[in-house]
Every structure is written in C-alpha cells, then in structure tokens.
Amino acid sequence: MDKFNHLIDMDDYSVRQWNEIIELAEKIKVDPESYGDRCKGKIMATLFYEPSTRTQMSFQAAMIRLGGSIIGFDNPSNSSVAKGENLKDTIKIVSTYSDILVMRHTQEGSAKAAALCADCHIINAGDGGHLHPTQTLTDLLTLKSELGRLDNLTVGLCGDLKYGRTVHSLVKALSCYPNNKFVLISTPDLALPSYIKDVIKSRGSSFIEVRTIDEAIKDLDMLYMTRIQRERFSSEAEYESQKDVYCLTKAKMQYARRDMIVMHPLPRVNEIEVAVDSDPRAAYFRQANNGMYVRMALILYTMNSEPKIKPLLTGEIHNKVQCTNPKCVTQTETYLPHSFINRGDILVCEYCDERILL
Ligand code: NCD
C-alpha cells in the first residue's frame, strides 16, 4: 500500500480533483504573493534525466514562490547516475531528503517505478514518450481561461501523436469531460497509439483522423500543435522522413474561426511560423505562463490533501514475461516486478501500457 499523493497519470486524481486544482491555480494567479509562505520549510527535489526548460523551471519557480526550497539535478551525468546507480537507489535516498519529488526520465513507466520505492510524493514530469500529466493540468487551465470551458470542444491535435506524451495525457483527460471531439492530424507513421484511441472510445468521445491541417482547421475550437519528437525515433532517417511535415502558417490561420485558439506545449521547432505569434489566437506563451500557477496549485494540493491509500500495482506478476516495449523501464531496472493487467488474450504492462499478445 502506498500513502503518498503521487501524480503518475491523470487518473491518479478524479475529474473533481483536477477541477479543484485548476480552481486553486486560478486563485493563485490573481494573488500569488498571498501564498508566499505556504511551503515554508519544505523541500522539493527536481530530478531531470532529460532536457527541460519550462517544466523544470516552472516547478522550481512555483516552489520558491510558495516559500519552499529546491534541490536536484538537471543533468544526471553530474550525479551518481553516471557511476551506474539504479533508479531505485537514487529515488530511495533523494525522497528521504525531500517532501515532494518531481522527475522527468527517458524511460516509459519510470515514474511508476520511482513511486514504488519513494518515501515522498512523486510527480511525473514526463516519462519517455508515455505521459506528461502536469502539462495536461497546464493545458486544462489554459483552455478554461481562454475558452471558458472544458467540455463541448472540438480539439485538433497535430504532429507527433505517437511519441508526444503531452498529447497522450491531454486526450486521456479531455475525454473525461462531456461532448469533446478529437481531430487527429498526423501522418500514419505518427498516429495516436491504439491504447489511447481505446480510452477515447471507452469514454464515449469520438475522433476522426485526417492528414492535413487544411481539412480540419475551420471546425476547431482549439488546435494543439506539437514538435516531432526527434529523440524518440529509432533512427535519424526515420526522423528525417517525418520532420517538417506540418507547419501552421499565418496563411492557414485565415481559415480558422475568430475564436479558435492555438496551443503548443513548447519548445517549438518549426511547426508554427513565428509570424503566427502576434495573432491574438496564439495562446502558447500564455499557456507556458499558466504552467507555473498550476504547479503552485499542484504542489499545495499534493502536500495538503489526505494521502491516497491505494496500491501502485494492481495486476498479476509474471516475472518470466518481459515487456516488449524496448523503452519500458523494466528493460533496464531489472529488479522491478513484471506486473501486467490481464485482459484475456493480452497482457498490458502496468508501467508503460504496452500490450503483449499471449
Ligand atoms: C513537452 C515535453 O517535454 O514533452 N515539453 C514540455 O514539457 N512543455 C513537449 C516537447 O518536448 O515537445
């Protein structure tokens, strides 16, 4: 049993709780100074095994603005990871130094693996190409403040839907609100993984798949542009074949509704022309700013709510079965129990959601 308020995936909290975190972020945004000593004496660790600007710094700024302190690394080669220390030992120790631990890691399922051995709350700041729940909280706050609602939306998601972890968490969250529709704009090679499509279907939301921005843009309330995730491709040639396929230009924006907004988790490479930045519908810099307030709210919510007493792994342990996802955390962190949800003819890895046909 676990006694911490980890945020590994959006479904660690209920929709009611997401709404409470967003409402708290809205309050903080109006008067951040009045929250200036709420985390006095508390320590947050930020362990970033992958590059980051916004997520890392907005978490750090959030903790400092709440009166707390920060420790951590943003380059594992400056830590004992470079000496070969496993994830378990690093987390076990750092989590005793801190009250809350924010981790970004290259491997899928690494946040759950960290939570299994942690002595404090773990926040998933991105686990490989899998999930990124705190970006989703940022996105929900942005949608609410820009469009006034989180339901009845037609949302276009464009670019790397396969490896884009922000897309995965956002779709999982928005499909929990009524009447949201998704327009998935990608090449077949970068399509949304089928396990996320199944989540959309199981929640009664709908989606269509198209190849171009042009055929979708006029119907959208929000267009979510994403970077092609170069670092996740198995070869440079594969990346070269997909890069630069999508670019949102000023010319394309003429076909969008006057009240449509453009979002992007950033960093942008070249999928949005710089000329679009001055369009009032370009919401991505406002979105990045919201990230700090939502993370202030999340830190307070995590520290102050009743611990969720629930098991982290609920599946069957099959230590002789190896997850087939080469990026799954169980490939390198070999001490982890191989836990799977049994769905009859398939086993679903409890760390990375890979489906294994029996
Ligand atoms: C995203 C990420 O790291 O997944 N960035 C972010 O957290 N704001 C998107 C990306 O890197 O393309």
Side-chain angles (χ1 to χ4, degrees), residues 51-55 57-58 132 135-136 138-150 152-171 174 180-192 207-233 239-294:
S52 169
T53 300
R54 274 151 291 271
T55 305
M57 291 193 201
S58 64
H132 194 345
Q135 180 63 45
T136 296
T138 304
D139 298 344
L140 296 181
L141 172 62
T142 305
L143 276 167
K144 198 170 162 219
S145 59
E146 300 276 329
L147 299 178
R149 65 187 196 280
L150 295 172
N152 292 291
L153 295 168
T154 302
V155 170
L157 299 135
C158 176
D160 191 343
L161 311 188
K162 181 178 180 186
Y163 299 119
R165 55 193 173 195
T166 65
V167 169
H168 304 164
S169 289
L170 181 59
V171 168
L174 281 179
N180 287 331
K181 297 192 198 87
F182 302 97
V183 182
L184 308 175
I185 311 164
S186 79
T187 62
D189 286 337
L190 295 184
L192 194 70
F207 68 87
I208 56 165
E209 293 182 284
V210 300
R211 285 292 290 271
T212 64
I213 295 177
D214 299 16
E215 58 197 295
I217 197 164
K218 63 179 192 326
D219 301 319
L220 303 177
D221 295 302
M222 188 271 273
L223 174 58
Y224 196 89
M225 294 298 297
T226 61
R227 174 179 72 90
I228 307 298
Q229 307 276 299
R230 182 179 198 155
E231 66 277 27
R232 313 257 179 248
F233 285 81
Y239 168 69
E240 289 290 325
S241 73
Q242 298 294 324
K243 73 167 195 193
D244 300 339
V245 175
Y246 295 105
C247 183
L248 180 65
T249 59
K250 222 175 154 177
K252 287 190 203 303
M253 286 296 284
Q254 285 178 4
Y255 300 100
R257 292 213 316 257
R258 291 173 72 101
D259 59 352
M260 185 196 84
I261 57 163
V262 182
M263 291 173 54
H264 190 311
L266 302 178
R268 157 181 54 191
V269 181
N270 48 15
E271 56 283 344
I272 303 179
E273 195 178 63
V274 173
V276 176
D277 298 358
S278 54
D279 188 312
R281 295 170 293 181
Y284 31 90
F285 296 124
R286 299 191 289 276
Q287 179 186 358
N289 185 247
N290 283 334
M292 184 179 70
Y293 298 110
V294 108

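Atom CG in Leu140 sits 10.0 Å away from atom NZ in Lys144 (nearest 0.5 Å). Rounding to the nearest 0.5 Å gives a distance of 5.5 Å between CD1 of Ile217 and CG of Leu248. In this structure, Leu223 CG and Asp221 CG are separated by 11.0 Å, a value rounded to the nearest 0.5 Å. Interatomic distance, Asp277 CG to Ile272 CD1, rounded to the nearest 0.5 Å: 7.5 Å. Interatomic distance, OH of Tyr239 versus CZ of Arg232, reported as 13.0 Å (0.5 Å rounding). Between atom OG1 of residue Thr142 and atom CG of residue Leu147 there is a gap of 10.0 Å, rounded to the nearest 0.5 Å.
Of all heavy-atom pairs spanning Glu273 and Cys247, the tightest one is N-SG, 4.0 Å. Closest approach of Leu266 and Tyr284 over heavy atoms only: CD1-O, 3.9 Å. Closest non-hydrogen pair, Tyr246 versus Thr212, comes out as CE2-CA, 4.3 Å. Contact detail for Met225 and Pro265: the closest heavy-atom pair is O-CD, 3.4 Å. Scanning all heavy atoms of the two residues, the minimum distance from Thr226 to Asp160 falls at OG1-N, 3.0 Å. Taking all atoms of both residues into account, the shortest heavy-atom contact from Arg281 to Ala256 is NH1-O, 3.3 Å.
You'll find the side chain of Asn180 stays beyond 4.5 Å of the side chain of Val155, heavy atoms only. Side-chain contact check for Val294 versus Asn290: every heavy-atom pair is 4.5 Å or farther apart. Taking 4.5 Å as the limit, every side-chain heavy atom of Lys250 sits out of range of all side-chain heavy atoms of Asp279. The side-chain heavy atoms of Ile185 and Leu161, taken from C-beta on, include no pair separated by under 4.5 Å. Counting heavy atoms from C-beta outward, Val262 and Met253 have side chains that approach closer than 4.5 Å. Within the 4.5 Å cutoff, the side chain of Ser52 has no heavy atoms near those of the Met57 side chain. Between Val245 and Leu190, every side-chain heavy-atom pair lies at or beyond the 4.5 Å cut-off.
Looking at Ser186, its side chain never comes within 3.5 Å of a backbone N or O of Cys158 through a donor-acceptor pair. Remark: the backbone N or O of Thr166 is not paired with any side-chain donor or acceptor of Ser169 at under 3.5 angstrom. Using modelled atom types, one side-chain atom of Thr136 and one backbone atom of Leu170 make a donor-acceptor pair closer than 3.5 Å. Using a distance-only test at 3.5 Å, with no hydrogens or angles considered, a donor-acceptor pair links the side chain of Glu271 to the main chain of Val269. Panel note: side chain His168, backbone Lys162; a donor-acceptor pair is recorded below 3.5 Å. Not a single donor-acceptor pair under 3.5 Å links the side chain of Glu215 to the backbone N or O of Ile213.
Crowding of Phe285 atom CZ: a count of heavy atoms from other residues, nucleotides or ligands under 6.0 Å exceeding 12.
Taking the salt bridge (Lys or Arg N to Asp or Glu O under 4.0 Å) definition, one finds that Asp219 meets it with nothing, sequence neighbours left out.
Side-chain contact annotation: Gln242 with Thr187, donor-acceptor N/O pair under 3.5 Å present.
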Candidate pair Met263 and Met222, rule side-chain contact (heavy atoms from CB on, under 4.5 Å), full reasoning: CA-CA 7 Å; Met263 291 173 54; Met222 188 271 273; 3.7 Å; yes

Test log, rule side-chain contact (heavy atoms from CB on, under 4.5 Å), inputs Tyr224 and Asp139: CA-CA 10 Å; Tyr224 196 89; Asp139 298 344; 2.7 Å; yes

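Using a cut-off of 4.0 Å between Lys/Arg side-chain N and Asp/Glu carboxylate O, Asp214 and Lys252 are scored as salt-bridged.
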